[in-house]
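See below for the structure under consideration.
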Amino acid sequence: MTLSKDVQLEMYWTMLLARRLDERAWVLHRQGKIAFHISGIGHEAAQIGAAFALERGKDWWVPYYRDLALLLALGYSPLDFMLALMGKRGEPTSGARQMPSHWSLRAANVVSHSSPVATQTPHAAGIGLGIKMRGDDAVVLTSIGEGSTAQGEWYEGVNWAAIHKLPVIFLVENNIYAISVRQEMQMAVESVAAKAAGLGLTGVAVDGLDVLETQRVVAEAAARARAGEGPTLVEAKVYRLTPHSSDDDDRSYRSREEVESWKAQDPLVRFRETLLKNKVLTEAAEAEMDERARGQVEEAVRVAQEAPYPEVSEAAYPVYAEEIRHA
Ligand SMILES: Cc1ncc(C[n+]2csc(CCOP(=O)(O)OP(=O)(O)O)c2C)c(N)n1
Ligand SMILES: [Mg+2]
């Protein structure tokens, strides 16, 4: 099914906003204004493809730390992100008590996750079981990096979902690296999708730098899940264009030539070129969108900088059951 022009433009807008916000976070970090940032630059097409393949407001999400673009598609705002980076009052995912990028957004069915990688996988399987027991029409999507699919929890969660044919999509954003460790030192198989055969579920690999192709593959997985045909493992092949986090220096384990060669396939540039070629977007409209995105990011930075820190009395409150939002 071809997505309408409006939907394609919304996808592009969200990717663009995520990129500008992410770039701004790096600058704030280097200026010493925030303590930590973990980046999604290079992963935006995979995330937006997934976000636009499910039914927002109805389906469930158990994302991981790189999913800024995904979260923006689900209703997280630039201000929410800036409040998180600066640890300010009103931060919606944890009241500013969790590290940034540890998402949780109750109003959008985004379930909170912990720092130990792959702990979200059994959570997603459990949510899938709940959906099946209640007879709901929903699907749950959980995302993860390829390195984390070596964890015991990942196998346990996927195995359980496959046995019980649960409506779960296991999205793996394969960026080749787990911090400094390359894929061939993480797994003996050539692709994450190949692991599906040993666990008894459908496994599909997709070019995660192609947003429309990712959307199509994840939408097919969602249709299978809703039809009672069980879970799908979707491996979106991407590349992390930045260091692992603001604490990492990737020059110690990969060459500049390698990074530059992947920049030539930047998913944001690729989608822009596709939209221009298909006359969905014009150069002028793109320039206006970019200016608007930069403006929204600057406004978020300004408001977050002026926002107060949480009160000591808020240290143990609120909790997920009673989500707070800033005004
Ligand atoms: C159980 C556990 N071990 C180690 C870490 C430290 N750690 C955080 S992210 C990460 C790399 C994960 O790589 P991958 O799953 O490929 O995701 P990516 O960061 O590349 O998106 C590691 C080792 C952790 N958070 N949890
Ligand atoms: Mg990785």
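We use all heavy atoms of the structure for the numbers below, so side chains are in, but hydrogens, waters and symmetry mates are not. Numbering of ligands and ligand atoms starts at 1, following listing order. One is the number of the first residue; the rest follow in order along the sequence.
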Can a salt bridge be assigned to the pair R66 and D22 using a cut-off of 4.0 Å between side-chain N and carboxylate O? no
Under a 4.0 Å N-O cut-off, is there an ion pair linking E298 with R24? yes
What angle, to the nearest 10°, do the atoms OE1 (E146) and O (Y177) form about the Mg ion (ligand 2)? 120°
Measure from NZ or CZ of R254 to the centre of the six-membered ring of W262 and say whether it is under 6.0 Å with the direction within 45° of the ring axis. no
Non-hydrogen atoms closer than 4.0 Å to ligand 1: which protein residues do they belong to? List them by chain and number, please. Y64, Y65, R66, S115, P116, V117, G145, E146, G147, S148, Q151, N175, Y177, A178, I179, H244
Within the 6.0 Å centroid threshold, strictly below: H113 and H123: no
Has the side chain of Q120 got a donor or acceptor atom that lies under 3.5 Å from a matching backbone atom of S143? yes
Compare all side-chain heavy atoms of Y239 with those of E258 and state whether any distance is below 4.5 angstrom. yes
Using a distance threshold of 2.8 Å, state whether an N, O or S atom of N175 lies below it from the Mg ion (ligand 2). yes
Tested for side-chain contact (heavy atoms from CB on, under 4.5 Å) against F170, the lone hit among L201, I144, L141, L199 is L201
